[in-house]
Participant: 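Please find one structure pasted underneath; my questions will follow.
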Amino acid sequence: MSSRYQAVKGTRDILPPESQHWTIVEQTARNLFRQYGYQEIRTPVFESRDLFVRSVGETTEVITKQMYSFQDQGGKWLALRPEGTVPVLRAFIQQGLYNRPQPYRYFYIGPMFRRERPQKGRYRQFHQIGVEVLAESSPLADAEVIAMAAEFLGSLGIRFTRLEINSIGCLRCRPAYITALKQYFGNHRDALCEDCINRLEVNPLRILDCKNPDCRDLFPNAPSIDAFLCSNCHDHFAQVRNFLHHLAVEFNFNPRLVRGLDYYMRTTFEFLVGESSAQNAVLGGGRYDGLLKELGGPDWPGIGFAIGMERLMELVPREPFHEESYEVMVIPLEPSAILDALTWTQHLRQNQFSAWVNTNSVSLRSALRLANKCRVPFVVILGVDEITSGKWTLRDMRSGEQIRFEPDSLMEHLLRIRQTN
Ligand code: HAM
């Protein structure tokens, strides 16, 4: 059968059993983040367009090329959120969360939208698990946030990622670096791609994020940020690295690591897989002191990260997810058995079994074939014999063994099997 409607390009359906793996990964994140004192926050998927334009950066590609923005029927400009940090800060300010006691540690899980060219690991609707920490300026916060990210990836059994960190300085020291970059790339203007020629004028730092090989060839000799950091930024970064050493988190210092969003300052970091390129970043984050104030909130610092779920799920080994399932299919073969089957199946669920009544199959044979196909381990059969004798048949689908029990004993038997497994 060919489908008349297709999912929109760059979006995809997450089907079972993959959806179950997603749930387990999300639950792992929830559990770990709670241990670190984070609480969940859920914000709308669309916001005022303006909210993103200024904070993410008017000249960033996320805003100029990728953001889904539209005017609604009332003429208001809205945008599907391209990322989660700014909405969390908006909610923090609007809902007065700063009046509550510390810590201000939040996490979120949900879809984001960017109109990028779809390819493996790059979608137009993708999902992020993100965290934001507000009002913590110590380099310890940077190190702890990064260490928690590393712990999360490790707890999922993901090994081959490398952590790259950098400091992109602050409003005091970055301008001199940007001037130096402008001068350097200006001298190599002919070798730059068209986008970078434009970036040279509007946002020279962004050139370091370019994927064009000709532009990248110029990077090794480009000025390095570490020579430009002011003493505060320098000290902060040195302490972040010390704490990371102390927490046994391995990292590479990458002085060319800039991020695609404008609100960062000081510490930036990414967890990469494969050859170095932004497309392979499974997780990205950094410090964004000043952003909360710019959005109208208190002058408090902030730091966080977001993980791309689609990229993450490519890396998660499936073995740890082998979950013992106790599925039971109940097959009433007579119309008079249906009500008993229904109530008893409810009973199974109250005992935490996953169970369902099969009223679709036309014969016992076809019901068993279906149970086999679905890998249901136990089947309970209610035919004429079972109803008249009051003893129902339990079939172990793996061994083919069948035993008859009264309904109460049958339940006890299943509970015993679960306990001993
Ligand atoms: P970002 O680097 O733009 O940062 O995105 C974070 C992660 O989302 C990326 O590392 C990647 O795994 C995933 N991602 C981004 N775009 C796509 C896409 N089109 N398809 C699939 N995955 C994608 C942020 O969004 C910041 N808000 C992170 C942050 C939080 N910084 C501080 N707090």
Side-chain angles (χ1 to χ4, degrees), residues 8-12 14 25 33 38 41 43 47 51-52 55-57 60-63 65-68 80-90 92 104-134 136 141-142 145-146 148-149 152-153 158 161-166 168 206 209 211 257-274 276-292 295 301-316:
V8 174
K9 194 174 167 193
T11 69
R12 56 179 210 144
I14 300 152
V25 168
F33 297 167
Y38 289 77
I41 187 162
T43 64
E47 299 265 1
L51 173 71
F52 296 108
S55 50
V56 170
T60 57
E61 292 192 351
V62 170
I63 297 298
K65 295 188 181 167
Q66 300 168 356
M67 192 161 69
Y68 281 96
L80 296 184
R81 61 181 184 195
E83 61 95 63
T85 308
V86 171
V88 168
L89 269 55
R90 194 266 311 135
F92 184 78
Y104 306 114
R105 296 182 167 197
Y106 306 99
F107 74 88
Y108 49 91
I109 300 176
M112 308 290 160
F113 307 86
R114 295 183 195 174
R115 198 177 186 286
E116 296 199 67
R117 180 130 42 94
Q119 48 184 278
K120 193 170 179 292
R122 181 168 291 176
Y123 299 93
R124 292 180 171 176
Q125 171 172 323
F126 58 100
H127 298 76
Q128 285 187 343
I129 300 183
V131 308
E132 311 299 342
V133 179
L134 302 174
E136 295 187 35
D142 307 36
V145 162
I146 295 172
M148 186 177 79
F152 176 59
L153 297 178
I158 296 173
T161 56
R162 58 179 193 285
L163 165 62
E164 301 208 329
I165 65 169
N166 189 21
I168 55 166
R206 242 346 43 82
D209 214 17
K211 305 292 168 295
L257 175 70
V258 290
R259 307 260 305 117
L261 315 167
D262 268 358
Y263 50 61
Y264 291 108
M265 61 163 281
R266 290 197 171 160
T267 315
T268 51
F269 55 93
E270 284 182 349
F271 282 78
L272 302 167
V273 245
S276 172
S277 84
Q279 199 199 317
N280 296 326
V282 65
L283 181 155
R287 186 166 272 288
Y288 46 80
D289 302 355
L291 180 59
L292 194 60
L295 291 171
I303 181 167
F305 65 73
I307 303 162
M309 275 292 277
E310 283 74 5
R311 296 182 193 179
L312 181 75
M313 296 311 292
E314 291 278 321
L315 304 173
V316 178

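Atoms within a ligand are numbered from 1 in the order they appear, just like the ligands themselves. Below, all heavy atoms of this structure are taken into account, side chains as well, without hydrogens, waters or symmetry copies.
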Participant: At the 4.0 Å heavy-atom cut-off, does Gly260 count as touching ligand 1?
Facilitator: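 No, that is not the case, since the closest heavy atom of the residue is not under 4.0 Å from the ligand.
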Participant: Can you name the one residue among Gln128, Arg122, Lys120, His127 that meets side-chain hydrogen bond (donor to acceptor under 3.5 Å, both in side chains) with Glu310?
Facilitator: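 Among Gln128, Arg122, Lys120, His127, the one that satisfies the side-chain hydrogen bond (donor to acceptor under 3.5 Å, both in side chains) with Glu310 is His127.
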Participant: Please determine whether a side-chain nitrogen of the Lys or Arg among Arg81 and Glu83 lies less than 4.0 Å from a carboxylate oxygen of the Asp or Glu.
Facilitator: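 Salt bridge: no.
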Participant: Do you know which two heavy atoms are closest between Gly304 and Tyr288, and how far apart they sit?
Facilitator: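 Residues Gly304 and Tyr288, closest heavy atoms: N-CE2, 3.8 Å.
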Participant: Do the side chains of Glu47 and Arg90 get close enough for a salt bridge, i.e. N-O under 4.0 angstrom?
Facilitator: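 The answer is yes: the pair qualifies as a salt bridge.
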Participant: Do we see a donor-acceptor contact under 3.5 Å between the side chains of Glu132 and Tyr108?
Facilitator: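 Per modelled atom types, Glu132 and Tyr108 side chains form a pair under 3.5 Å.
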Participant: Between Phe33 and Phe107, is the ring-ring contact (aromatic ring centres under 6.0 Å, His included) condition met? List the steps.
Facilitator: CA-CA 7 Å; Phe33 297 167; Phe107 74 88; 5.6 Å; yes
Participant: Looking only at N/O atoms, are Leu261 and ligand 1 under 3.5 Å apart anywhere?
Facilitator: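 For ligand 1, there is no N or O atom that lies under 3.5 Å from one belonging to Leu261.
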Participant: One residue to check: Leu312. Relative to ligand 1, which of side chain, backbone, both or neither has a non-hydrogen atom less than 4.0 Å away?
Facilitator: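 Neither part.
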Participant: Quick one: closest heavy-atom pair of Ala149 and Phe271, and the distance?
Facilitator: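 Distance-wise, the nearest heavy atoms are CB-CE1, 3.8 Å.
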Participant: Does the pair Glu116/Lys65 count as a salt bridge with the N-to-O cut at 4.0 Å?
Facilitator: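 Judged by the 4.0 Å cut-off on N to carboxylate O distance, Glu116 and Lys65 do not form a salt bridge.
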Participant: Are any of the N/O atoms in Tyr108 less than 3.5 Å from those in ligand 1?
Facilitator: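 In fact, backbone or side chain, Tyr108 has no N or O that close.
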Participant: Can you list the atoms of ligand 1 that are under 4.0 Å from a heavy atom of Thr85?
Facilitator: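 This gives 26 (C), 27 (N), 29 (C), 30 (C), 31 (N), 32 (C), 33 (N) as the contact atoms.
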Participant: Of all the atoms in ligand 1, which lie at a distance below 4.0 Å from a heavy atom belonging to Glu116?
Facilitator: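 Heavy-atom distances to Glu116 below 4.0 Å select 16 (N), 17 (C), 18 (C), 19 (N).
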Participant: What atoms of ligand 1 come within less than 4.0 Å of a heavy atom belonging to Ala281?
Facilitator: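 Listed by number with element: 9 (C), 10 (O), 11 (C), 12 (O).
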Participant: Under 4.0 Å, counting heavy atoms only: does Tyr263 come that close to any atom of ligand 1?
Facilitator: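 So Tyr263 counts as touching ligand 1.
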Participant: Looking at ligand 1, does any of its N/O atoms fall within less than 3.5 Å of an N/O of Gly84?
Facilitator: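 Between Gly84 and ligand 1 (N or O atoms, distance only) the closest approach is not under 3.5 Å.
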Participant: Checking Arg12 against Tyr123: charged group under 6.0 Å from the ring centre and within 45 degrees of the axis?
Facilitator: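 That pair qualifies as a cation-pi contact.
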Participant: Indicate yes or no: does an N/O atom of Ala306 lie under 3.5 Å from an N/O atom of ligand 1?
Facilitator: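 No.
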Participant: Below a 4.0 angstrom heavy-atom separation, can you tell me which part of Gln128, side chain or backbone, both or neither, approaches ligand 1?
Facilitator: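 Side chain only.
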Participant: Does Glu310 approach ligand 1 within less than 4.0 angstrom via side chain, backbone, both or neither, non-hydrogen atoms only?
Facilitator: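 None of Glu310 does.
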Participant: N/O of Val282 under 3.5 Å from N/O of ligand 1, yes or no?
Facilitator: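 Looking only at distances, the answer is yes, because the N/O contact criterion of under 3.5 Å is met.
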Participant: Between Phe269 and ligand 1, which residue portion shows a heavy-atom distance shorter than 4.0 Å: side chain, backbone, both, or neither?
Facilitator: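 For Phe269, there is no contact with ligand 1 at all, from either part.
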Participant: Counting each atom of ligand 1 from 1 as listed, which ones have a heavy atom of Tyr288 under 4.0 Å away?
Facilitator: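 Every atom of ligand 1 under 4.0 Å from some heavy atom of Tyr288: 32 (C), 33 (N).
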Participant: Ligand 1 versus Glu132, non-hydrogen atoms closer than 4.0 Å: side chain, backbone, both, neither?
Facilitator: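 The answer is the side chain of Glu132.
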Participant: Would you check whether Arg122 has a nitrogen or oxygen atom less than 3.5 angstrom from a nitrogen or oxygen atom of ligand 1?
Facilitator: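 No, there is no polar N/O contact under 3.5 Å.
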Participant: How close do Gly302 and Leu134 get, counting heavy atoms only, and between which atoms?
Facilitator: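 Minimum heavy-atom separation between Gly302 and Leu134: CA-CD2, 3.9 Å.
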Participant: Verify whether one side chain among Asp262 and Thr60 offers a donor that lies under 3.5 Å from an acceptor in the other.
Facilitator: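 No - no donor-acceptor pair under 3.5 Å links their side chains.
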Participant: Under a 4.0 Å heavy-atom limit, does Ile303 contact ligand 1 with its side chain, its backbone, both, or neither?
Facilitator: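 Under 4.0 Å from ligand 1, Ile303 contributes no heavy atoms.
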Participant: Under 4.0 Å from a heavy atom of Gly121: which atoms of ligand 1 are those, numbered in the order shown and with their elements?
Facilitator: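 This gives 20 (N), 21 (C), 22 (N) as the contact atoms.
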Participant: Find all atoms of ligand 1 within a distance of less than 4.0 Å from any non-hydrogen atom belonging to Gly284, and give their numbers and elements.
Facilitator: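 It comes down to these atoms of ligand 1: 10 (O), 28 (C), 29 (C).
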Participant: Hey, looking at atom 3 (O) of ligand 1, which of Arg114, Glu83, Gln66, Arg311 has the closest heavy atom?
Facilitator: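 The residue whose heavy atom sits nearest atom 3 (O) of ligand 1 is Arg114.
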Participant: Hey, is Tyr264 touching ligand 1 through its side chain, its backbone, both or neither, going by heavy atoms under 4.0 Å?
Facilitator: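 Within the 4.0 Å criterion, Tyr264 contacts ligand 1 through side-chain atoms alone.
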